[in-house]
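Per chain, numbering begins at 1; letters A, B, ... match sequence-line order.
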2 protein chains.
Amino acid sequence: MKEGPDIALIGSLIGDPARANMLTALTGGKALTATELAGTAGITLQTASSHLSKLEAGGLIAQRKQGRHRYFTLADDDVGLMIEGLMGFAAYRGFTRHRTGPKDPALRKARVCYNHLAGDYGVRMLDSLIAEEVISGAGDTLHLTASGADKMTALGIDLAALTRSRRPVCRTCLDWSERRSHLAGSLGQALLTLFFDKGWARREPDSRAIRFTDTGEMEFAKLFPLPAQPSIARHHQQAVDA
Amino acid sequence: MKEGPDIALIGSLIGDPARANMLTALTGGKALTATELAGTAGITLQTASSHLSKLEAGGLIAQRKQGRHRYFTLADDDVGLMIEGLMGFAAYRGFTRHRTGPKDPALRKARVCYNHLAGDYGVRMLDSLIAEEVISGAGDTLHLTASGADKMTALGIDLAALTRSRRPVCRTCLDWSERRSHLAGSLGQALLTLFFDKGWARREPDSRAIRFTDTGEMEFAKLFPLPAQPSIARHHQQAVDA
DNA sequence: TTCATACTTCGATCGTGATCGAAGCATCTC
DNA sequence: GAGATGCTTCGATCACGATCGAAGTATGAA
């Protein structure tokens with residue numbers, strides 16, 4: 001017995017409601033202060049401080065001092081993917097937090113997943129990128145094609161900078177609302193940043209939801225057309241049925 | 001705040017060491033009795049019973065009465081994938097359970113992941129299946145090709161039976177030791193069953209490890225040849241580096 | 001310097017949940 | 001039937017950890 005890695009440690013870190021709320025908030029991608037996190041979790045600053053030090057000791061979050069503030073973020077992409085994965089599992093089981101709020105449709109349409117685009121739009125974007133052969137790959141191994149690299153450069157994305165880091169350029173991330181993959185990795189991050197920079201989309205205040213502007217919707221539809229007759233329809237159906 | 005699904009519930013279920021041990025044991029795929037699970041977790045039968053009812057209420061496990069025994073299994077494939085995913089995260093963070101046991105190399109080579117093959121051999125098998133165009137697909141959407149269906153049928157796999165169920169035929173499952181995907185879904189299960197039925201491999205007693213026989217090794221290498229010059233080498237490197 | 005803000009540490013309280021003994025129920029064997 | 005085995009339920013204990021008040025430290029503002 002006692003085989004394999006220890007999942008109880010991570011489970012217990014996530015298992016506390018206050019910590020889970022903080023982690024969920026941090027999945028929004030913005031760096032938050034201890035006071036802000038205490039507010040979202042509904043606890044005092046002292047208690048929050050205790051939780052935050054535990055999360056940091058567990059390697060789930062990182063902090064950055066800036067003046068008299070301490071900004072907390074998720075430790076890295078992996079933590080974001082792991083939490084988004086758990087959310088997918090929980091959502092599928094119906095473990096929603098009591099009422100599904102009014103913001104729910106907006107979250108399902110488009111939201112921030114740590115640092116990249118998730119929700120219906122996120123899944124559509126990856127589908128389109130694959131259909132247009134910007135990205136190719138089988139299984140979980142994705143990579144940019146030569147023509148895809150040209151397209152991304154034309155969009156104004158500095159591919160050299162992306163490949164310079166040690167992070168993977170293209171990764172899949174399981175979407176909790178769609179139960180299909182969207183694009184993560186440094187390219188996924190760069191694309192979301194592009195949307196913000198071009199003014200095509202902006203974050204809803206105090207939410208993970210992303211609202212596209214009218215021109216943003218148009219440009220998105222133009223850049224990421226849906227395949228007319230998706231060859232993956234059969235599998236998609238299975239994924240929904242499963 | 002309070003957006004999205006509730007991950008604290010699942011976290012707290014997994015967060016208890018006794019429950020985590022039971023779930024890990026059940027990831028071996030075999031149905032286990034309450035007494036056996038109590039043994040692996042190192043607790044009395046009464047305590048185990050309490051934990052098991054909680055896990056069942058949370059939808060993570062299912063039980064099946066058989067005479068005076070109650071056999072427990074993971075509720076479905078999704079639970080297995082979720083736990084294997086957490087293990088991958090935990091292993092990568094170095095959250096191993098104190099000493100990495102002597103069985104560790106065997107586990108990394110080949111093991112049962114709920115109902116399909118995992119470890120180095122599992123990853124190699126999926127790589128080969130994709131390289132040989134038995135399975136195709138981009139991102140996380142995998143499906144059998146026409147020629148692949150013929151090959152599987154020739155092996156003695158009843159594809160009609162696989163597609164009859166509502167489960168997906170091909171799925172990816174993140175491997176905690178390799179940090180890459182292997183094949184899950186009903187086809188993944190059917191292939192592992194085939195190895196056992198043909199006598200090519202057998203389970204180590206009281207372990208998730210799988211030991212291939214000499215002929216099993218040969219047949220496996222013949223059936224699932226490695227691509228000579230893997231086109232995915234670049235991405236693989238990234239995944240390892242990340 | 002003085003005050004305010006942001007956060008941590010200490011210490012005490014308190015509740016929840018893990019644990020196990022004992023008793024009860026179901027099923028199989030003889 | 002009697003006895004044994006497998007498991008659940010009840011009840012009590014007990015420890016750990018979540019919580020917050022109070023005090024202490026660091027940084028910025030006046």
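Counting to the nearest Å, the C1' atom of D:dT8 and the CZ atom of B:R68 are 16 Å from each other. The separation between A:L55 atom CG and C:dC7 atom C1' is 16 Å, rounded to whole Å. Atom CD1 in B:I43 sits about 15 Å away from atom C1' in C:dG21, given to the nearest Å. The distance between atom CZ of A:R64 and atom C1' of C:dA6, rounded to the nearest whole Å, is 16 Å. Between B:L52 atom CG and C:dG17 atom P the separation is 17 Å, expressed in whole Å. Rounded to whole angstrom, the span from the CG atom of A:L45 across to the C1' atom of C:dA4 amounts to 15 Å. Look at CG on A:N21: it is 10 Å from P on D:dT19, rounded to the nearest Å. Per the geometry, CG belonging to A:L37 stands 14 Å off P belonging to D:dT19, to the nearest Å.
Checking the phosphate oxygens (OP1, OP2) of D:dG17, no side-chain nitrogen or oxygen of A:H51 falls inside 4.0 Å. The side chain of B:R70 contributes no N or O atom lying less than 4.0 Å from OP1 or OP2 of C:dT27. Between B:K54 and C:dA18 there is a side-chain N or O to OP1 or OP2 distance below 4.0 Å. OP1 or OP2 of D:dA18 has not a single side-chain nitrogen or oxygen of A:T47 nearer than 4.0 Å. Checking the phosphate oxygens (OP1, OP2) of C:dA6, no side-chain nitrogen or oxygen of A:K65 falls inside 4.0 Å.
Place A:S50 and B:T33 on DNA chain D by their nearest nucleotides, and B:T33 ends up nearer the 5' end. Residue-to-nucleotide proximity on DNA chain D shows that, of A:D16 and A:Q66, the 5′-proximal contact is made by A:D16.
Heavy atoms of A:S53 sit nowhere under 4.0 angstrom from any nucleic acid atom.
Remark: B:E56 does not engage B:R64 in a salt bridge, criterion side-chain N to carboxylate O under 4.0 Å. Taking a cutoff of 4.0 Å between a charged side-chain nitrogen and a carboxylate oxygen, B:E217 and B:R211 do not qualify as a salt bridge. The pair A:D78-A:R167 does not count as a salt bridge, with every side-chain nitrogen at least 4.0 angstrom from each carboxylate oxygen. A salt bridge does not link B:D6 with A:R93: none of the charged nitrogens is closer than 4.0 Å to a carboxylate oxygen.
Picking from C:dA18, D:dG21, C:dT19 the nucleotide with the shortest atom distance to the side chain of A:Q46 gives D:dG21. Taking the side chain of B:A34 as heavy atoms from C-beta on, and the options C:dT8, C:dT19, D:dC7, the nearest nucleotide is D:dC7.
With rounding to the nearest 0.5 Å, the separation of CG in A:D120 from CE in A:M125 is 12.0 Å.
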